[in-house]
Structures are given as structure tokens and as C-alpha cells.
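Computed from a predicted model, the values in this text were never measured in an experiment. Basis for what follows: all heavy atoms, side chains included, without hydrogens, waters or symmetry-related copies.
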Amino acid sequence: MSKEINFLVIESKNGNQKAQIKLYDLHCNAMFAISCRYLKNNEEAKDVMQDGFLKAFLNLKNYVDGTNFSSWLKMIIINTCIDALKKKKLETISLEKYSLEISNDDAWNFDSKISKQQIIEAIEKLDLKYQLVIKLYLMDGYDHQEIATILKIPVKTSRTHLRRGKLALRNLLKVEKYGT
């Protein structure tokens with residue numbers, strides 16, 4: 001962690017509002033981008049990001065000095081986004097009714113003619129439960145144990161949602177490419 005951020009965190013813990021504003025300024029663009037991954041509406045993403053920053057500043061006492069502040073803040077922003085989505089009463093289907101199949105998570109090969117933007121747009125069309133796991137796994141780099149903790153689901157469910165999301169994404173991209 002940079003000395004500047006470390007200093008700003010210490011000052012923020014002591015109630016220095018200028019330090020909090022500086023921390024906000026240093027992180028707001030990255031945290032807004034993360035919020036936009038989860039919430040489709042920019043205004044809603046801004047509101048949720050602001051709520052996340054507020055939670056972070058109110059809970060600075062829980063931040064462990066010397067750890068990566070940006071990662072700590074990112075986790076708070078992602079959890080705040082997920083909470084906002086849950087408030088919309090978006091339900092996930094219990095996987096108890098389905099057999100669980102785990103496959104290789106690393107096989108994310110897409111046709112090279114498909115752009116990153118097309119993949120992102122296709123992810124947005126998936127069921128929310130698949131979107132969340134795919135975004136946390138692919139875009140934010142979390143492993144299944146971390147995803148399970150964030151979403152409060154079993155690790156097997158995370159793996160299954162990722163696998164099914166990947167299959168749905170491939171099918172969606174195939175339909176968009178060939179129109180079938």
C-alpha cells in the first residue's frame with residue numbers, strides 16, 4: 001500500500017474529512033466501474049457506490065492497517081451492489097433440485113471474432129445468479145470460496161452457477177453470431 005493511502009487511512013480513522021475526500025477521489029472512478037458491472041443504471045450505480053463508501057468510512061475501525069485498502073474497499077462496494085440487487089427481490093433458484101456437475105473453470109475460449117464488448121453485453125443478458133458469479137470470477141478475480149462467502153452460497157453452487165453461466169453465455173454468443 002502506498003504511503004499516501006496509508007497516511008490518508010490513518011487520518012480518516014481519526015475523523016479527518018479532507019483525508020476521506022482524498023481517499024474518495026483516489027478510488028471513486030475504479031469503484032464506480034465496479035458498481036456499473038453489477039448495476040445497469042449509472043445513477044443507481046453511483047448511489048450504491050456512495051453507500052459503499054459511506055459504509056467503508058463508517059467501518060474504518062474494522063480495516064486492518066497494512067492490508068490493501070483498495071481491495072478492502074472493493075469488497076465493500078461489491079457487497080453493497082449485491083445487497084442492492086437483493087433488495088430488488090431478485091431470487092435465486094435453489095440448486096437442491098438439480099444435480100451438481102463441476103467442470104474445468106479455466107476453459108473460457110470464445111471465437112476470436114467476438115469482441116470483449118459483445119461478451120460483456122451477453123453477460124448482462126444472463127440470469128442474475130449467473131451474472132454475479134461470472135462477474136466476480138472473471139472480472140473481479142475471486143475464487144469460488146470467496147464468491148461463496150460474498151454471495152452467501154455453498155462453494156458447489158458457485159461452481160455450478162459459473163458452469164451453467166458459461167454454457168448459457170456460449171449459447172447466447174453463438175445465437176448472436178449465427179442468428180440461430
Side-chain angles (χ1 to χ4, degrees), residues 1-93 105 116-117 119-159 161-162 165:
M1 175 165 62
S2 80
K3 289 181 181 180
E4 178 188 18
I5 291 177
N6 189 37
F7 173 77
L8 291 171
V9 169
I10 291 167
E11 286 297 304
S12 294
K13 281 184 173 183
N14 293 328
N16 182 332
Q17 291 184 344
K18 288 183 181 179
Q20 289 178 351
I21 291 169
K22 183 68 174 166
L23 273 176
Y24 176 86
D25 289 343
L26 288 171
H27 292 92
C28 68
N29 289 338
M31 297 304 128
F32 179 67
I34 289 169
S35 294
C36 287
R37 286 186 206 153
Y38 294 90
L39 305 163
K40 294 175 180 89
N41 176 311
N42 280 356
E43 288 305 311
E44 188 177 6
K46 284 180 193 174
D47 290 344
V48 170
M49 180 194 72
Q50 298 288 347
D51 289 345
F53 269 101
L54 182 61
K55 285 180 186 177
F57 290 135
L58 290 173
N59 290 290
L60 273 174
K61 64 186 176 294
N62 297 325
Y63 170 73
V64 178
D65 291 333
T67 59
N68 187 317
F69 177 78
S70 298
S71 296
W72 181 79
L73 179 60
K74 178 180 172 182
M75 180 68 79
I76 291 172
I77 297 296
I78 289 172
N79 282 326
T80 306
C81 289
I82 292 168
D83 289 345
L85 291 170
K86 286 179 180 177
K87 282 182 185 172
K88 290 182 172 184
K89 296 185 180 171
L90 298 170
E91 75 180 33
T92 55
I93 298 171
D105 294 339
K116 181 179 177 183
Q117 186 59 37
I119 294 171
I120 291 170
E121 288 171 4
I123 289 171
E124 293 299 325
K125 294 177 183 175
L126 297 174
D127 287 349
L128 179 65
K129 62 186 174 187
Y130 301 143
Q131 274 185 46
L132 290 176
V133 173
I134 287 173
K135 288 176 183 179
L136 287 166
Y137 185 83
L138 278 184
M139 297 178 181
D140 294 317
Y142 290 109
D143 64 27
H144 287 293
Q145 184 62 52
E146 293 167 320
I147 294 169
T149 301
I150 292 167
L151 297 178
K152 296 176 180 70
I153 59 175
V155 173
K156 286 182 179 180
T157 302
S158 173
R159 291 181 190 277
H161 282 219
L162 183 67

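For Tyr137 and Tyr142, the ring centers are positioned 6.0 Å apart or more.
Ser12 and Leu60 get closest at one heavy-atom pair: CB-CD1, 3.4 Å. The heavy-atom pair separating Met139 from Ile123 by the smallest distance is CE-CD1, 3.8 Å. When all heavy atoms of Gly141 and Glu146 are compared, the closest pair comes out as O-OE1, 4.3 Å.
For Glu43, the side-chain contact (heavy atoms from CB on, under 4.5 Å) partners two or more places apart in sequence, or in a different chain, are Asn41, Lys46.
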Tell me which donor-acceptor pairs under 3.5 Å the side chains of residues 24-34 have, and how far apart each pair is, sequence neighbours excluded?
residue, atom, partner, partner atom, Å
Tyr24, OH, Gln50, NE2, 2.8
His27, ND1, Leu23, O, 2.9
His27, NE2, Ser70, OG, 2.8

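Between the Glu44 side chain and the Leu39 main chain, no donor and acceptor come within less than 3.5 Å of each other. Not one N or O on the side chain of Thr157 forms a donor-acceptor pair closer than 3.5 Å with the backbone of Ile153. Distance alone, capped at 3.5 Å, places no donor-acceptor pair between the Asn6 side chain and the Ser2 backbone. At least one donor-acceptor pair closer than 3.5 Å links the side chain of Asn16 to the backbone N or O of Ala19. A distance-only check finds no donor-acceptor pair linking the side chain of Asn59 to the backbone of Asn62 [under 3.5 Å]. Ser158 contributes no side-chain N or O that, together with a main-chain N or O of Pro154, makes up a donor-acceptor pair within less than 3.5 Å.
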Item checked: Residue pair Thr80, Tyr38: steps toward the side-chain contact (heavy atoms from CB on, under 4.5 Å) verdict -> CA-CA 10 Å; Thr80 306; Tyr38 294 90; over 6 Å; no

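Each salt bridge (Lys or Arg N to Asp or Glu O under 4.0 Å) pair with one or both residues in residues 7-21, not counting sequence neighbours, appears once here: Lys13-Asp65.
The number of heavy-atom neighbours closer than 6.0 Å to NZ of Lys74, taken from other residues, nucleotides and ligands shown, is above 12.
The pair Lys55-Asp83 meets the salt-bridge criterion, since a charged nitrogen lies less than 4.0 angstrom from a carboxylate oxygen.
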